[in-house]
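Note that these values count all heavy atoms, side chains included, but never hydrogens, waters or copies made by symmetry.
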Amino acid sequence: MKKISITHRTEYHYRKPVTFGPHRAMLRPREGHDVQITSLMVEVQPKADVRWMRDIYGNCIAVISFHERGQKLSILSVATVDLFDDEKLDCLIEKDARFYPFQYAANEQLELLLYRLPSYPYEGPALEAWLSEIFKPGNLVDTRELLGTLNRRIFETFKYKHRDEPGVQRPCETLAKGTGSCRDYAVFMMEAARRWGFGARFVTGYIQLNEGQHGATHAWTEIYLPGAGWVGFDPTNNKAVGVEHVSVGVSIDQEKASPLSGSWTGPANAFERMDVSVQVVAL
């Protein structure tokens, strides 16, 4: 078992007082057999009510309703989390799915339908041309090795670039620029895997930093493998998702996994800047 502390502070600064509409925040790690929260503290300024709900994907969402105007919106969360090592992946994949291509079982195909549909269908030809260097139809390859190669090839092809702008790049933008953030890498791998027929989803969360790794708030991709379930791949750091990763939200696309969303009303030039600070440390 491994215990970590996650401190996440987001602050929005304004030149004049503004009125804040309802906000939705993903702050609480997704619990399960491998992740358990031992404590969680949330502080919000200005004064607000916080209620919790689960969305359609099972993510725990903090719905924040503000009572006061202000020149600063601040959300602080401090979580202590126990992480447990999972079983080895290779021995868990069902026999019929250990080599690609394979077919999902009939009872899984309907459930995975939306996770297999591309979010950017018009970019298929460019993605398929890029993927043809990794896999050619008619061959039979080890499923785990194929996805590991895709993970590594994204890491080797693109140069990491931190971006503060909201949203993500389309896969063709990432191909054209040759650079991307962790969000862009995750979307690229999600779309690439879907082109091969895999069920894939976008994940947002945290990573405990090691030397040479990028990001503290982080994004990666999960791919559904029969027998093993949703398996995480981190193309930004060229590794399989492990105990240093803590997911907060999963969704069919990146727009539904935003760490913080909401609205404000006030003068058009009121917004000044946003500051984000994240610390993920072992205890």
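By the 6.0 Å contact criterion, NZ on Lys2 is enclosed, its count of non-hydrogen atoms from other residues, nucleotides or ligands being greater than 12. Open room surrounds NZ on Lys16; 12 or fewer heavy atoms of other groups in view lie less than 6.0 Å from it.
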Practice task
Given side-chain hydrogen bond (donor to acceptor under 3.5 Å, both in side chains), test Ser247 with His245 step by step and report yes or no.
Solution key: CA-CA 6 Å; Ser247 67; His245 295 77; over 6 Å; no
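Each of Leu112, Leu113, Leu110 was scored for a side-chain contact (heavy atoms from CB on, under 4.5 Å) with Tyr104, with one residue passing: Leu112. Here the rule is ring pair (Phe, Tyr, Trp, His ring centres under 6.0 Å) with Tyr224, and of Phe198, Phe233, Phe102, Trp230 only Trp230 fits it.
Applying the salt bridge (charged side-chain N to carboxylate O under 4.0 Å, His left out) test to every pair with at least one member in residues 269-283, sequence neighbours left out, gives these pairs: Arg273-Asp275.
Between the Arg152 side chain and the Asn238 main chain, no donor and acceptor come within less than 3.5 Å of each other. Under the 3.5 Å distance criterion, the side-chain polar atoms of Arg15 are matched with a main-chain donor or acceptor of Phe271. Using a distance-only test at 3.5 Å, with no hydrogens or angles considered, no donor-acceptor pair links the side chain of Glu31 to the main chain of Gln36. Judged by distance alone, the side chain of Thr7 and the main-chain N or O of Gln279 form no donor-acceptor pair under 3.5 Å. The closest donor-acceptor contact from the side chain of Glu191 to the backbone of Ser119 lies under 3.5 Å. Side chain of Arg194 to main chain of Ala200: a donor-acceptor pair is present (N/O by atom type, distance under 3.5 Å, no hydrogens or angles). Of the possible donor and acceptor atoms, none in the side chain of Arg9 sits under 3.5 Å from a partner among the backbone N and O of Leu76. Listed for the Gln169 side chain is a donor-acceptor partner under 3.5 Å among the backbone atoms of Thr179. When atom types are taken as modelled, the side chain of Tyr185 and the backbone of Phe158 share a donor-acceptor pair closer than 3.5 angstrom.
Aromatic ring centroids of Tyr12 and Phe20 lie 6.0 Å or more apart.
Using a 4.0 Å cut-off between a side-chain N of Lys or Arg and a carboxylate O of Asp or Glu, Glu68 and Lys47 do not qualify as a salt bridge.
For the salt bridge (Lys or Arg N to Asp or Glu O under 4.0 Å) test, residues two or more places apart in sequence or in another chain that qualify with Asp253 are Lys256.
The heavy-atom pair separating Ala62 from Leu27 by the smallest distance is CB-CD1, 4.3 Å.
Residue Val187 shares its hydrophobic cluster (ILVMFWY side chains chained together at separations under 4.5 Å) with Tyr120, Val168, Met190, Phe202.
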